[in-house]
Amino acid sequence: MTKPRLWITRRLSDATIARAMRDYDTVVNHADTPGGAEDLIAASADFDAIIPCHSEHFSAEVAAQLDPRLKIIANHSVGVDHCDLPSLKAQGIAVTNTPDVLSDATAELAMLLMLGAARNAVAGDRTVRTGAWDFWSPSFMVGKQVTGARLGIIGMGRVGRAFAAKARGFDMDIHYYNRSPLPDAQAQGATYHDTVESLLGVADFLSLHCPATPDTMDLMNAERFALLPPGAVIVNSARGALVDEDALLAALGTGQVAAAGLDCFKVEPGGNPAFAAHENIFMLPHIGSATTRTRDAMGFRALENLDAFFAGKTPKDLL
Ligand code: DGY
């Protein structure tokens with residue numbers, strides 16, 4: 001039987017590529033450049049399936065121009081804000097994602113961001129690294145203690161819950177906002193807030209774990225930063241779209257927000273150049289799921305979705 005033709009848009013893990021080559025007539029973009037609209041449209045006429053990353057944007061305009069040959073987009077990501085799902089559905093194209101497998105890696109990184117922001121990681125590293133460390137004082141680089149502090153989580157999905165589990169190791173008092181309260185077995189004692197506003201009032205540390213949708217665009221804006229306890233620390237390992245970056249800079253300027261840990265930005269790649277001057281912003285380049293184990297798991301999960309689809313079954317992660 002002829003193998004379905006598969007285009008892999010970016011350099012996925014070696015194990016993923018080996019398995020894809022074994023099971024599909026696979027072409028990999030070894031140049032690892034993001035696929036633009038024209039690449040995606042052209043590929044749709046040559047391939048039955050595409051495994052893209054969040055760097056490939058299937059907008060409504062792109063979706064409308066896809067060739068009917070393309071049957072499935074098996075994303076190598078949990079987030080699918082780069083895909084216009086209604087338009088792809090209207091074209092009859094199946095779309096899947098990779099939930100679960102990246103929750104721990106992303107939650108780990110959120111913990112790193114929270115600790116790094118709270119404890120002056122940027123200034124501390126720079127001071128030692130540049131040889132500028134010629135002084136010590138008890139009042140030097142005094143941060144905000146995480147252990148036992150109140151933590152607000154927006155979005156108690158898989159990653160939010162994995163983050164809460166890690167935060168319990170720091171004895172944090174966990175509060176959360178979610179569309180609905182979790183069953184007790186999942187909430188594990190965390191306090192539910194039925195509005196974001198109510199949560200913000202107790203969030204000495206705030207971590208964002210919700211998807212980017214039209215409803216969550218600029219979720220953290222000037223009004224909401226003002227509701228945080230003064231000196232709060234904010235962490236974003238979800239999507240840049242969730243934060244009004246000018247409002248964040250203003251809140252950092254007044255001290256309303258003491259520090260931020262960010263893995264996601266409005267503009268990616270690149271980030272916000274205005275953040276660079278602020279050593280109380282600890283930044284990473286969207287690497288929440290970037291561990292060897294998780295990259296393999298994401299690739300395999302995308303392939304399992306393809307396997308099911310081409311076997312005539314419903315893929316586990318069909319959206
Ligand atoms: C995801 O899976 O959504 C991560 O942000 C990587 O794309």
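Just so it is clear, the structure is predicted and the values come from calculations on it, not from any experiment. Atom set for the values below is all heavy atoms of this structure, side chains included, hydrogens, waters and symmetry mates excluded. We count ligands from 1, going down the list as the structure has it; atoms in each ligand are counted the same way.
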Subject >> Contact check, side chains of D81 and H54, non-hydrogen atoms, under 4.5 Å >> reply: no
Original post:
Quick one: which ligand 1 atoms are inside 4.0 Å of a heavy atom on H286?
Top reply: 4 (C), 5 (O), 6 (C)
**OP:** Scan T106, D263, L112 and name whichever one has a side-chain contact (heavy atoms from CB on, under 4.5 Å) with I287.
**Re:** D263
Original post:
Below 4.5 Å, heavy atoms only, C-beta onward: do R295 and T16 meet side chain to side chain?
Top reply: no
Original post:
Is there a side-chain contact between V62 and D84, using heavy atoms and a 4.5 Å cut-off?
Top reply: no
Original post:
Is there a side-chain contact between L318 and F309, using heavy atoms and a 4.5 Å cut-off?
Top reply: no
**OP:** Examine the proximity of ligand 1 to L102 and report which part, side chain or backbone, both or neither, has a heavy atom under 4.0 Å away.
**Re:** side chain
Original post:
For ligand 1, which atoms sit closer than 4.0 Å to a heavy atom of G79?
Top reply: 1 (C), 2 (O), 3 (O)
**OP:** May I ask whether G288 places a heavy atom under 4.0 Å from ligand 1?
**Re:** no
Subject >> Test item: W7 and D46 side chains (from C-beta on) under 4.5 Å apart, heavy atoms >> reply: no
**OP:** Would you mind running through ligand 1 and noting each atom that sits below 4.0 Å from a heavy atom of H54?
**Re:** 6 (C), 7 (O)
**OP:** For ligand 1, find out whether one of its N or O atoms is nearer than 3.5 Å to an N or O atom of S289.
**Re:** no
Original post:
Can you tell me the protein heavy atom closest to atom 1 (C) of ligand 1 and the distance?
Top reply: V78 N, 3.5 Å
**OP:** Output yes when the distance from some N or O of ligand 1 to some N or O of T98 is under 3.5 Å, and no in every other case.
**Re:** no
Original post:
What about R239: any of its N or O atoms under 3.5 Å from an N or O on ligand 1?
Top reply: yes
**OP:** Would you check if R10 and H76 make a side-chain contact, meaning some heavy-atom pair closer than 4.5 Å?
**Re:** no
Subject >> Proximal atoms of ligand 1 relative to S77 (non-hydrogen, under 4.0 Å) >> reply: 1 (C), 2 (O), 3 (O), 7 (O)
